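Inspection log for the structure reproduced underneath, given as structure tokens.
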Amino acid sequence: MNNRRSFLQKLGLLSAGVAFAPSLLASCDSSKTTNTDNASADASTDTSTAGASTGTATGAIRDIGIQLYTLRELLPNDPKGVIGKVAQAGYNDVETYGYSVDKGYWGLQPNAFKELLQANNLVSTSGHYEFGQYMKDGNTDIVKRYIEAGNIVGQKYITVPYLGEELRNSADAYKNIAEKVNKAAELCKASGLKLAYHNHDFEFKQYGNTTGYDILLKETDPALVSFEADLFWMEKAGRKPVDLFNQHKGRFVMWHVKDMDKNSPDLNTEIGSGTMDYKAIFAQAKTSGLDRIFVEQENFAAGMDPFKSIKQSRDYVKNTLLA
């Protein structure tokens, strides 16, 4: 489960933007396709309103998204084919990762990427963008470029995905993060976007009588900064997502939904196949402030077709958790 961390650490060092993680995915056909089946009853959505789901109860959540990092071994080599298969699996929304000013989204500049999404009846309401350099030097130029790209694509949230250990090794370091996050969030708000912070498990490390995550929640402005709750990493850190929802009502507007393998709790598995009590978590969507959900899976079992896996997870969320 260190692959995401390794990937994002490399991303911060490479101007090209896209780094390749160690192979975790079984090989599969990634031939180019477009979505022709989204008219089915459980996957259809009006593309003019696909990104407008703003309810705070599961009954109001109709779009199911996927964090495209799930398909990181396939996507850079065939973005058009992979995006088409994501749509065929029934997803409505995609969360991006790996954007760079030079290469855009896997070789597609923002306008071209938006056209690809529209051709497949998809939207992208959130993107993960590399904030490491900004945290070091405070130069907001890169944040402005992220905002520009996000607005072109049609995103609602600019999301901080990960910060290197050297940036988060003390309580004071987390206070510095919070200060810079607030500043970046003001820029996002001025451009009609929102800023969010995505957690792993390391934010829950204790510093005296507090944690990094407690500091972020306390010292970021609730009117400006939202949180994307990675539910797996919260539980991996020994925290219960529902407890956090109740302690900080309305701040967790996005969720990463991924399950914990029954035999290897460091690994992910398809939603509904693991140990996490997702029915109890989804019952507290209103308390969370939930706006968007993104299925994510950082590894697949040997021999599992990634597209079969993401469809299985999507179907469980749609037919069981959102039913």
Side-chain angles (χ1 to χ4, degrees), residues 1-2 4-5 55-61 64-67 70 95 126 128 157 159-163 168 171 174 177-178 181 196-220 222 225-299 313 316-318 320-323:
M1 295 302 296
N2 289 323
R4 170 184 279 279
R5 300 177 187 186
T56 55
T58 55
I61 300 294
I64 301 174
I66 185 170
Q67 166 51 255
T70 301
E95 185 175 47
S126 175
H128 280 197
Y157 298 101
T159 303
V160 181
Y162 170 91
L163 294 172
R168 49 172 172 81
Y174 275 100
I177 292 168
V181 164
Y197 183 96
H198 164 270
N199 68 278
H200 288 78
D201 58 349
F202 50 73
E203 288 92 349
F204 297 96
K205 180 179 178 180
Q206 288 287 146
Y207 297 99
N209 62 355
T210 190
T211 69
Y213 207 58
D214 290 337
I215 293 169
L216 294 177
L217 284 161
K218 179 181 179 181
E219 302 213 4
T220 54
V225 180
S226 297
F227 286 79
E228 180 173 56
D230 192 305
L231 304 169
F232 171 90
W233 283 119
M234 284 180 172
E235 294 217 351
K236 193 71 174 59
R239 302 295 294 271
K240 294 296 183 184
V242 170
D243 291 343
L244 288 163
F245 300 162
N246 282 303
Q247 293 162 9
H248 304 279
K249 291 182 173 63
R251 296 206 71 182
F252 301 96
V253 300
M254 294 184 288
W255 292 352
H256 271 191
V257 181
K258 53 191 181 190
D259 216 337
M260 188 176 292
D261 189 272
K262 292 178 180 178
N263 298 315
S264 302
D266 287 341
L267 299 179
N268 298 162
T269 190
E270 287 69 37
I271 312 302
S273 300
T275 61
M276 295 180 62
D277 187 358
Y278 268 112
K279 290 182 180 179
I281 294 172
F282 270 72
Q284 298 301 316
K286 183 175 181 180
T287 304
S288 168
L290 185 62
D291 181 22
R292 314 301 301 184
I293 54 176
F294 296 101
V295 168
E296 183 183 34
Q297 190 159 329
E298 296 191 32
N299 58 271
S313 288
Y316 183 83
V317 173
K318 176 70 175 181
T320 302
L321 300 178
L322 296 181

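Keep in mind it's a predicted model, so treat the numbers as computed, not measured.
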Which heavy atom in [X] sits nearest to a heavy atom in [Y], and how many Å separate them?
X: Gly274; Y: Asp259; value: N-OD2, 3.0 Å
X: Arg168; Y: Tyr207; value: O-OH, 3.2 Å
X: Asp291; Y: Tyr157; value: OD2-OH, 2.7 Å
X: Phe232; Y: Pro265; value: CZ-O, 3.6 Å
X: Phe204; Y: Met234; value: CZ-CG, 4.0 Å

*Is there a side-chain contact between Asn199 and Leu216, using heavy atoms and a 4.5 Å cut-off?*
no
*Any side-chain heavy atom of Arg292 within less than 4.5 Å of one from Ser126?*
no
To the nearest 0.5 Å, what is the distance between [atom1] on [X] and [atom2] on [Y]?
X: Thr70; Y: Glu298; atom1: OG1; atom2: CD; result: 8.0 Å
X: Ile281; Y: Ser288; atom1: CD1; atom2: OG; result: 10.0 Å
X: Ile61; Y: Leu290; atom1: CD1; atom2: CG; result: 4.5 Å
X: Phe252; Y: Leu217; atom1: CZ; atom2: CG; result: 5.0 Å
X: His198; Y: Glu228; atom1: NE2; atom2: CD; result: 5.5 Å
X: Tyr174; Y: Thr211; atom1: OH; atom2: OG1; result: 8.0 Å

*Determine, stepwise, if the pair Glu95 / Thr159 fulfils side-chain contact (heavy atoms from CB on, under 4.5 Å).*
CA-CA 10 Å; Glu95 185 175 47; Thr159 303; 4.2 Å; yes
_Thr220: side-chain contact (heavy atoms from CB on, under 4.5 Å) partners, not counting sequence neighbours_ = Ala178, Val181, Asn182, Val225, Phe227, Arg251
*Do any pairs count as a salt bridge (charged side-chain N to carboxylate O under 4.0 Å, His left out) and have a residue in residues 234-244, sequence neighbours left out, and if so which ones?*
Lys236-Asp266
*Matching residue for Lys258 among Thr269, Asn299, Asn268, Asp230 - test: side chain to side chain donor-acceptor pair (under 3.5 Å)*: Asp230
*Evaluate the criterion side chain to side chain donor-acceptor pair (under 3.5 Å) for residue pair Glu203 and Tyr197; output intermediate values, then yes/no.*
CA-CA 11 Å; Glu203 288 92 349; Tyr197 183 96; 2.7 Å; yes
*Taking the side chain from Thr287 and the backbone from Asn246, do they hold a donor-acceptor pair closer than 3.5 Å?*
no
_Which residues share a side chain to side chain donor-acceptor pair (under 3.5 Å) with Glu270, sequence neighbours left out_ = Gln297, Ser309
_Run Ile177 and Glu219 through side-chain contact (heavy atoms from CB on, under 4.5 Å) and show every step you take._
CA-CA 9 Å; Ile177 292 168; Glu219 302 213 4; over 6 Å; no
*In sequence, state the C-alpha distance, the side-chain angles, and the governing distance for Ile64 and Leu322, and then conclude on side-chain contact (heavy atoms from CB on, under 4.5 Å).*
CA-CA 10 Å; Ile64 301 174; Leu322 296 181; 4.0 Å; yes
*Can you name the one residue among Trp233, Tyr278, Phe282 that meets ring pair (Phe, Tyr, Trp, His ring centres under 6.0 Å) with Trp255?*
Phe282
*asked:* Parallel, tilted or perpendicular: which one describes the rings of Phe294 and His256, with boundaries at 30° and 60°?
replied: perpendicular
_Angle between ring planes, His200 versus Tyr162, binned at 30° and 60°: parallel, tilted or perpendicular?_
perpendicular
